[in-house]
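In what follows, every chain begins at residue 1, and chains take the letters A, B, ... in the order their sequences are listed.
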There are 2 protein chains.
Amino acid sequence: MSRPQPQKRATVHDIAAAAGMSRGTVSRVLNGGYVSAEARAAIEAAMSDLGYVPNNAARALKMRRSQAVAFVALEPHSLFLDDPNIGSIMLGANAALSLADHQMVSLVVESARDTERVARYLSGGFVDGAIVVSARTKDPIIRVISDLSLPAAFVGHPPDLDQTIPFVGIDNVGSARAITEHLVTTGRRRIGMIAAALDRDSGIDRLAGFRDALGPLFDDELVSDVPHYDYGSGVKGMRDLLEREPAIDGVFAASDAIAAGALEALREAGRSVPGDVGVVGFDDSTWAVRCQPQLTTVHQPAKEIGSCAAQLILRQLRGEHPDPGGQLLPTPLVLRDSA
Amino acid sequence: MSRPQPQKRATVHDIAAAAGMSRGTVSRVLNGGYVSAEARAAIEAAMSDLGYVPNNAARALKMRRSQAVAFVALEPHSLFLDDPNIGSIMLGANAALSLADHQMVSLVVESARDTERVARYLSGGFVDGAIVVSARTKDPIIRVISDLSLPAAFVGHPPDLDQTIPFVGIDNVGSARAITEHLVTTGRRRIGMIAAALDRDSGIDRLAGFRDALGPLFDDELVSDVPHYDYGSGVKGMRDLLEREPAIDGVFAASDAIAAGALEALREAGRSVPGDVGVVGFDDSTWAVRCQPQLTTVHQPAKEIGSCAAQLILRQLRGEHPDPGGQLLPTPLVLRDSA
DNA sequence: TACGGATGTGTGAACGTGCACACAGTAGGA
DNA sequence: TCCTACTGTGTGCACGTTCACACATCCGTA
């Protein structure tokens with residue numbers, strides 16, 4: 001009696017009894033099959049009378065399908081702050097799953113406690129698959145998914161641990177190379193980078209692309225590395241670069257938020273953009289159009305990434321085995337005013 | 001054969017057989033009860049051997065408890081853009097639920113299609129309760145929750161439809177009054193407001209508080225209303241106000257994002273802040289410290305709001321009936337440089 | 001000796017579904 | 001006339017779990 005039972009709800013039995021039919025017929029009304037018009041009418045009347053709603057838990061148990069897919073956001077705290085794209089990725093995934101009549105459920109993992117509980121949740125039959133955002137290689141969630149062979153898709157970077165899990169992302173190296181080349185071809189010569197999150201693939205790859213594009217022009221002294229993809233880091237990073245090389249005339253910021261911070265630091269220092277210094281960002285987030293001047297940047301197709309990840313799951317649920325190589329989406333350059 | 005069955009997983013039966021025990025004993029190992037040391041050891045060995053994970057769907061069916069609580073975000077598209085607090089609210093709720101060993105699952109409702117599917121999901125026994133963010137009065141989700149008498153809590157504004165559902169929020173009227181009074185007491189005389197979202201309670205209440213605080217100083221001409229709580233709206237709203245009243249010396253922006261936009265418009269117009277014009281915002285979001293000058297604003301305790309909503313659910317799950325009046329959290333003024 | 005309580009274990013039923021199967025009636029063709 | 005096909009309906013079982021109950025053993029005490 002300590003735990004009050006939730007109020008009793010109508011079941012197939014109840015509406016079968018009310019309609020004077022058997023459970024089987026009710027089931028056929030719900031799931032298709034031969035049912036006479038009168039029987040259907042009687043049953044539908046009973047259903048709306050008693051306010052019947054099918055019990056998903058029972059259905060999932062029997063069918064071994066829940067029609068739900070998890071969207072697992074690891075370290076969301078930093079994600080929400082650093083990456084304005086996470087919301088768009090979620091909405092993209094939701095839209096795609098929605099079309100296939102699947103429910104997306106987002107789970108956030110902040111603590112070790114969360115990790116364990118989410119692992120239990122994923123293994124428990126409440127979801128048919130999982131989209132995992134920004135996992136680190138070592139993350140225990142990956143092991144669980146791998147052991148369970150739960151249909152999964154990774155967003156952002158490949159799960160080194162299990163090569164059979166597909167992923168979707170962008171070509172960070174190529175995109176960074178392309179936007180850096182834009183700085184070069186517009187005549188910049190002393191080009192620096194504010195590199196962030198060098199403990200993640202995205203951070204490492206953007207730096208690699210930068211170095212790649214500059215070739216002999218590359219100067220180790222002109223790379224300032226900051227911990228996060230955020231505004232504050234941008235301010236700090238830019239001040240740092242200005243101190244090291246006052247003659248700097250081009251900057252590649254590893255994210256739009258960082259670029260926004262860099263603009264602020266440049267304004268402080270009395271440099272004009274793009275006159276004295278050309279600045280480019282990465283993400284094409286809301287930051288890009290908010291800045292003064294608006295940012296030239298790399299467009300991240302966040303919505304498409306989400307929907308692509310969803311497709312990877314749906315395909316696995318249909319029994320297809322997507323090629324494990326992973327999928328890279330195009331990232332067009334967006335030319336605005338900052339470089 | 002069109003739909004491949006997910007791979008067969010170990011059940012209590014399997015591990016009972018492997019350990020030479022009965023299902024009952026296995027259940028007792030999992031849920032507590034009298035079990036001898038040897039039996040426990042044998043069963044635990046079998047469990048790790050076979051990689052056993054309990055099936056939540058079956059447990060939920062039998063127990064009528066899923067240990068999961070939904071976090072329903074209505075119109076998340078505008079939320080993610082407008083309200084930087086939604087993430088913090090989520091994390092606050094998750095932390096509180098996590099402590100009670102409940103899984104939070106976020107559901108996103110964008111389309112009519114989503115509404116229906118989420119309603120089904122909520123009624124289906126996959127969750128024990130629901131936290132609903134920013135519902136409008138007419139939202140069909142409210143009806144579903146009400147009909148089901150699913151334990152629920154609303155965030156942000158009271159569900160007019162069903163007064164038995166508790167809510168948690170802030171005193172928008174009082175907070176707006178307080179911050180407006182700050183403008184008055186610091187000597188501003190021609191004070192305007194950029195009011196947003198006048199189709200929501202939050203928008204209406206903030207305007208009411210503003211009017212309240214000004215009393216005879218209030219001038220209808222000095223209110224510019226914009227659709228959303230975002231940066232662009234702030235720029236537009238401020239330009240509008242400057243045109244109507246060039247002598248304006250104080251502005252209450254309905255959100256920090258709007259305030260940031262207003263600062264931009266003021267800079268364009270060559271006004272200094274706080275010298276010529278004092279500007280105050282609302283939310284104490286990341287915008288507040290990013291701006292130049294940093295914003296004087298109203299602190300929204302987003303994390304606490306989330307955790308408070310979670311508590312309201314947990315309390316209902318324990319069988320208590322929280323007073324339906326709702327709960328308003330304190331919103332301290334944060335004095336920075338913009339006014 | 002007999003009894004009550006504590007400890008340990010097995011068994012059957014139920015949670016609410018969906019599906020395979022069985023059955024009944026009708027119609028059409030060989 | 002019989003066999004088959006199609007439509008419509010009812011019944012039993014299984015999904016994997018928990019819980020109530022029955023049973024079994026051991027101990028201390030009346």
4.5 Å side-chain heavy-atom contact, [X] and [Y]:
{"X": "Ile131(A)", "Y": "Phe154(A)", "value": "no"}
{"X": "Arg315(A)", "Y": "His321(A)", "value": "no"}
{"X": "Arg59(A)", "Y": "Asn55(A)", "value": "no"}
{"X": "Leu122(B)", "Y": "Leu150(B)", "value": "yes"}
{"X": "Met90(A)", "Y": "Ser88(A)", "value": "no"}
{"X": "Val105(B)", "Y": "Val69(B)", "value": "no"}

Using a 4.0 Å heavy-atom cut-off, write out nucleotides 22-28 of chain C from 5' to 3' as B (base contacted by protein), S (sugar-phosphate only) or - (no contact). -------
Please list, in 5' to 3' order, the outermost nucleotides of DNA chain D lying under 4.0 Å from any heavy atom of chain B.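 Range of nucleotides within reach of chain B: dG16(D) to dC19(D).
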Can you name the nearest heavy-atom pair linking Ala60(B) to Ala57(A), along with the distance?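 Looking at all heavy atoms of both residues, the shortest contact is CB-CB, 4.4 Å.
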Under 3.5 Å donor-acceptor, [X] side chain and [Y] backbone:
{"X": "Gln327(A)", "Y": "Cys308(A)", "value": "no"}
{"X": "Asp128(B)", "Y": "Ser66(B)", "value": "yes"}
{"X": "Ser27(B)", "Y": "Arg23(B)", "value": "no"}
{"X": "Asp14(B)", "Y": "Thr11(B)", "value": "yes"}
{"X": "Gln103(B)", "Y": "Gln67(B)", "value": "no"}

Does Glu304(A) have more than 12 heavy atoms from other residues, nucleotides or ligands lying within 6.0 Å of its CD?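 Atom CD in Glu304(A) is crowded, with more than 12 foreign heavy atoms closer than 6.0 Å.
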Checking Phe126(B) now: which residues fulfil ring-ring contact (aromatic ring centres under 6.0 Å, His included) with it, not counting sequence neighbours?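 ring-ring contact (aromatic ring centres under 6.0 Å, His included) list for Phe126(B), sorted by chain: Phe126(A), Tyr121(B).
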Restricting to nitrogen or oxygen on both sides, can you table the protein-nucleotides 7-9 of chain C pairs closer than 3.5 Å?
from: dT7(C); atom 1: OP2; to: Tyr34(B); atom 2: OH; distance (Å): 3.2
from: dT9(C); atom 1: OP1; to: Ser36(B); atom 2: OG; distance (Å): 2.8
from: dT9(C); atom 1: OP2; to: Ser36(B); atom 2: N; distance (Å): 2.8
from: dT9(C); atom 1: OP2; to: Ser36(B); atom 2: OG; distance (Å): 3.1

Find the bend of the helix from dT1(C)-dA30(D) to dA30(C)-dT1(D) as the angle between its two terminal axes (five pairs each), to the nearest 10°.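 Between the axes fitted at each end of the helix from dT1(C)-dA30(D) to dA30(C)-dT1(D) lies an angle of 70°.
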Would Lys303(B) and Ile89(B) count as a side-chain contact (heavy atoms from CB on, under 4.5 Å) here? Give the steps. CA-CA 5 Å; Lys303(B) 244 183 160 132; Ile89(B) 296 177; over 6 Å; no
Distances under 3.5 Å only, N/O to N/O: pair up the protein atoms with those of nucleotides 16-18 of chain C.
from: dG16(C); atom 1: OP1; to: Arg64(B); atom 2: NH2; distance (Å): 3.3
from: dG16(C); atom 1: OP2; to: Lys8(A); atom 2: NZ; distance (Å): 3.4
from: dT17(C); atom 1: OP1; to: Tyr52(A); atom 2: OH; distance (Å): 2.6
from: dT17(C); atom 1: OP1; to: Asn55(A); atom 2: N; distance (Å): 3.2
from: dT17(C); atom 1: OP2; to: Val12(A); atom 2: N; distance (Å): 2.7
from: dT17(C); atom 1: O5'; to: Tyr52(A); atom 2: OH; distance (Å): 3.4
from: dG18(C); atom 1: OP1; to: Arg59(A); atom 2: NE; distance (Å): 2.7
from: dG18(C); atom 1: OP1; to: Arg59(A); atom 2: NH2; distance (Å): 2.8
from: dG18(C); atom 1: OP2; to: Asn31(A); atom 2: ND2; distance (Å): 3.4
from: dG18(C); atom 1: O6; to: Arg23(A); atom 2: NH2; distance (Å): 3.0
from: dG18(C); atom 1: N2; to: Lys62(A); atom 2: NZ; distance (Å): 3.3

